[in-house]
2 protein chains.
Amino acid sequence: MKGIAKLASELGISTGTVSRALNGKSDVNAATRARVLEAAQRMGYAPNASARNLAKGATNSIGFMIELNPETASNSDNFFMGVFDGVQSVLMQHGLELLVLPCPTDADPYHYLQRFVARETVDAMIISATQRIDHRIDLLQARGIPFVSLGRSESGAGYSWIDLDVEGVVNESIDRLVAHGHRRIAVTVPRRGINFAELFHASYRSALARHGLPYDPALVIDTAWSELGGYEMTDRLLAVPDRPTAVVLIYEMMALGLYRRLMELGIQPGRDLAVITFRDEPALRFLSPSATCFRMSLHDLGVAVAEAVLAQLPGHRTSPAAPVVQMRWPMVLRPGESDAFTLPPETSRSRVKPRSA
Amino acid sequence: MKGIAKLASELGISTGTVSRALNGKSDVNAATRARVLEAAQRMGYAPNASARNLAKGATNSIGFMIELNPETASNSDNFFMGVFDGVQSVLMQHGLELLVLPCPTDADPYHYLQRFVARETVDAMIISATQRIDHRIDLLQARGIPFVSLGRSESGAGYSWIDLDVEGVVNESIDRLVAHGHRRIAVTVPRRGINFAELFHASYRSALARHGLPYDPALVIDTAWSELGGYEMTDRLLAVPDRPTAVVLIYEMMALGLYRRLMELGIQPGRDLAVITFRDEPALRFLSPSATCFRMSLHDLGVAVAEAVLAQLPGHRTSPAAPVVQMRWPMVLRPGESDAFTLPPETSRSRVKPRSA
DNA sequence: CTGAAAGCGCTTACAG
DNA sequence: CTGAAAGCGCTTACAG
């Protein structure tokens, strides 16, 4: 004998009563409940998850799918760790378990997700690394699984998502650079990638248009999502005809490579080239000159994501909040030295002077 | 009707036969199996995980517990993402699922783990962030749960662990620095933390002893596990009486803060102070002067961990390998410029010259 | 307040 | 090769 049956027989009561005592049902004698709780504690008993889930028709756990492929995993750094903690802080209060599901490099994200969905391993999902066209969203909607997407997609409609406010970041960056006299502003945009890159690109175009500046495809630099990507794109950036005087990086860690290559070339960020990076990151804090970037709370983002999930779970709805959440997560400018100069009108071109020809 | 019963009734056969067909049992008519497979595919059917686990008495999933607290999470960077991918590459071949279980900052790791263990949510566990005394190991051994520890502990005995070869790294670092004429070699060791820090400290002492060098507690700098920790400890490092000429960093990212502070002080790593960092990391590659560190494959480490888990799972043992794996994962020196100088005998002291008094 | 019993959706000896 | 049935360990109406 094992499990609840063993507990019950030791106590000389029925498994039903044990179950009710353990689950905090009100119709249990106080003394009985105390005995049950004590015995469970003493014997290290906890209900078997599979049996419990089967009986209750719910798993009480939320899946959080992340991708391990280099393109998005490099982006992970401490990003997801911070978000997990925020998510957990909410879920724990509701007795829900967070299961992080890492999709391997060589697996198809759609099929990876499908397994968990079809097998009903989780009650709800959080997905990330959203693609422009992302069939995972169609799948989740078709199956009626509650989910929140950390990132937007053009797939589906009326689903909950929370995404970093790329538009805000790009707009503020471009406004700031234009105000400093820049006209030739480059951006780094990985060619293939998550929808985030598309949004970044589109925001860039519209921000330029708002300022009456022409869109020059040559200023959109294809770059790998990594420190190394930042290093490797530097020469291409500087080789663009009518050399750009500023660059906005889609991924913060690219700044490390960019800075290094600029230094090797004798070009000084913040004097010869304005640089704005994306998200404030501990590893960036020690760059010199300090990098202008945008900060946000990973923890709070996680909290918001978890709350958006709860809003879809019957029995966990805290407030009469709308079940569908769609929001861009605000990011706040953290001015640094890397773009702290104004371009004199007459020299607004070819201000970048490499040490050697 | 739903699930396998629905599938069976649509096909006009029993659920038993459907189950056998789906599970690849040999005693099923080929045509029947084909019909079942086709229907399952078409209807997007997959067996309910809870019911299946309950019936089989196994979950076919492996938990990987990580901790989100700042001390270890900062260390996580891309470390765990790389390891997960290696683990997955092995588990997928065995039809096992990897569930990452992130222990929240404000939760007790022991109780967090206990829930999953007592509820039989997973068939085996991988734990990390091992403490010197770590009751999780006692718990897992007492319950007879197969597990592998990514890191050693003084708790328990005869369990499987794989740990980075701290001893090797420290020995090689000290040998190298001593060969370059250094006698006053500092190390950064967080005061409270995982067992890793204890091992680092102990290795340092024994390496010094091997060279007949005295152990000076003042050379053991208490440092936070972060980039900022590296920045903040720099002044204390330089203020140690009979100033050290070299430092070995326990956590690679500390180098970012250290470099920055040294630069502010006009002190040049690799000329005025020898620096050796721990693990090779993309973010370090762009430091100038380049940092001497140790490289390893996160993916291969993950593979080894997964194989150590499989060795304990009946039915998954690939080779007649010993069930208990205990190994230090080798790390290979990647020489950089940060320690590429030899101390002249006569100036082996007070070689560090700050710009200002 | 408690017990007996059905049921959650599977898998698997056991017959045939 | 297939079906009927028991059983996995819980939870929860339903009686009493």
Side-chain angles (χ1 to χ4, degrees), chain A residues 1-37 39-40 43-61 95 97 115-123 315, chain B residues 1-37 39-40 43-61 95 97 115-123 315:
Chain A
M1 189 151 37
K2 57 175 298 192
I4 200 173
K6 183 173 171 204
L7 232 191
S9 86
E10 296 231 348
L11 290 165
I13 58 182
S14 73
T15 59
T17 300
V18 172
S19 174
R20 283 188 294 263
L22 254 22
N23 284 296
K25 303 290 179 188
S26 57
D27 57 350
V28 177
N29 178 289
T32 307
R33 163 170 287 125
R35 285 181 60 221
V36 170
L37 259 32
M43 299 170 61
Y45 171 80
N48 175 285
S50 301
R52 183 168 214 258
N53 296 344
L54 179 59
K56 298 198 77 136
T59 63
N60 268 286
S61 55
E97 225 61 75
R115 283 212 310 273
F116 293 99
V117 166
R119 294 178 185 169
E120 303 173 65
T121 306
V122 295
D123 292 347
Chain B
M1 190 149 36
K2 55 174 300 197
I4 200 173
K6 183 171 171 207
L7 232 191
S9 87
E10 296 230 348
L11 290 165
I13 57 182
S14 72
T15 59
T17 300
V18 171
S19 174
R20 283 188 292 263
L22 252 23
N23 285 296
K25 303 289 180 188
S26 56
D27 57 349
V28 178
N29 179 289
T32 307
R33 163 170 286 126
R35 285 180 60 220
V36 171
L37 259 32
M43 299 169 61
Y45 170 80
N48 175 285
S50 301
R52 185 168 214 259
N53 296 345
L54 180 58
K56 298 198 75 136
T59 63
N60 267 287
S61 55
E97 226 61 77
R115 285 211 308 275
F116 294 98
V117 166
R119 294 178 185 167
E120 302 174 66
T121 306
V122 295
D123 292 346

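Here is the naming used below: chain letters follow the sequence lines, and residue numbers restart at 1 for every chain.
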Original post:
Any idea which heavy atoms bring B:R33 and B:R20 closest together, and the distance?
Top reply: NH2-O, 3.9 Å
Original post:
Mapping A:T32 and A:T15 to their closest nucleotides on DNA chain C, which lands nearer the 5' end?
Top reply: A:T32
**OP:** Please confirm whether the backbone N or O of A:K25 pairs with a side-chain atom of A:N23, one donor and one acceptor, at under 3.5 Å?
**Re:** no
**OP:** Output the residues of residues 19-26 of chain A in contact with DNA chain D, where contact means a heavy atom of the residue under 4.0 Å from an atom of the strand; sort by number or write none.
**Re:** A:S19, A:R20, A:N23, A:K25
**OP:** Could you list the residues that satisfy ring pair (Phe, Tyr, Trp, His ring centres under 6.0 Å) with A:Y45, not counting sequence neighbours?
**Re:** none
Original post:
On DNA chain D, nearest-nucleotide positions of B:L54 versus B:D27: which is more 5'?
Top reply: B:D27
Subject >> Span of DNA chain C in contact with chain B (heavy atoms, under 4.0 Å) >> reply: C:dG9 to C:dA13
Original post:
Residues two or more places apart in sequence or in another chain: which of them pass side chain to side chain contact (heavy atoms under 4.5 Å, CB included) with A:T15?
Top reply: A:I4, A:A5, A:A8
Original post:
Looking across every strand, which nucleic acid part, if any, lies under 4.0 Å from B:N29 by heavy atom: base, sugar-phosphate, or nothing?
Top reply: sugar-phosphate
Original post:
Counting only non-hydrogen atoms, which of residues 1-9 of chain B are less than 4.0 Å from DNA chain D?
Top reply: none
**OP:** Could you run through DNA chain D and flag its stems, i.e. three or more consecutive Watson-Crick or G-U pairs with both distances under 3.5 Å?
**Re:** C:1-3 with D:14-16, C:5-12 with D:5-12, C:14-16 with D:1-3
**OP:** Taking only heavy atoms on the protein side, list every residue of residues 43-51 of chain B lying under 4.0 Å from any atom of DNA chain C, sorted numerically.
**Re:** B:Y45, B:P47, B:N48, B:A51
Subject >> Non-neighbouring partners of A:A58 that pass side chain to side chain contact (heavy atoms under 4.5 Å, CB included), sequence neighbours left out >> reply: A:D123
Subject >> Smallest separation among heavy atoms of A:L7 and A:A39, with atom names >> reply: CD2-CB, 3.5 Å
Original post:
Do you know the tightest heavy-atom contact between A:T121 and B:A49?
Top reply: OG1-CB, 3.8 Å
Original post:
What residues, two or more places apart in sequence or in another chain, satisfy side chain to side chain contact (heavy atoms under 4.5 Å, CB included) together with A:K6?
Top reply: A:M1, A:E10, A:M43
Subject >> Pairing residues for A:S50 by the side-chain hydrogen bond (donor to acceptor under 3.5 Å, both in side chains) criterion, not counting sequence neighbours >> reply: none
Original post:
Of all residues at least two apart in sequence or in a different chain, which pass the side chain to side chain contact (heavy atoms under 4.5 Å, CB included) check with A:V36?
Top reply: A:L11, A:I13, A:V18, A:A21, A:L22, A:T32
Subject >> Smallest separation among heavy atoms of A:G44 and B:A118, with atom names >> reply: O-CB, 4.0 Å
Original post:
Roughly how far, to the nearest 0.5 Å, is CG of B:N48 from CG of B:L54?
Top reply: 10.0 Å
Subject >> Sequence-distant partners of A:R119, salt bridge (Lys or Arg N to Asp or Glu O under 4.0 Å), two or more places apart >> reply: B:E97
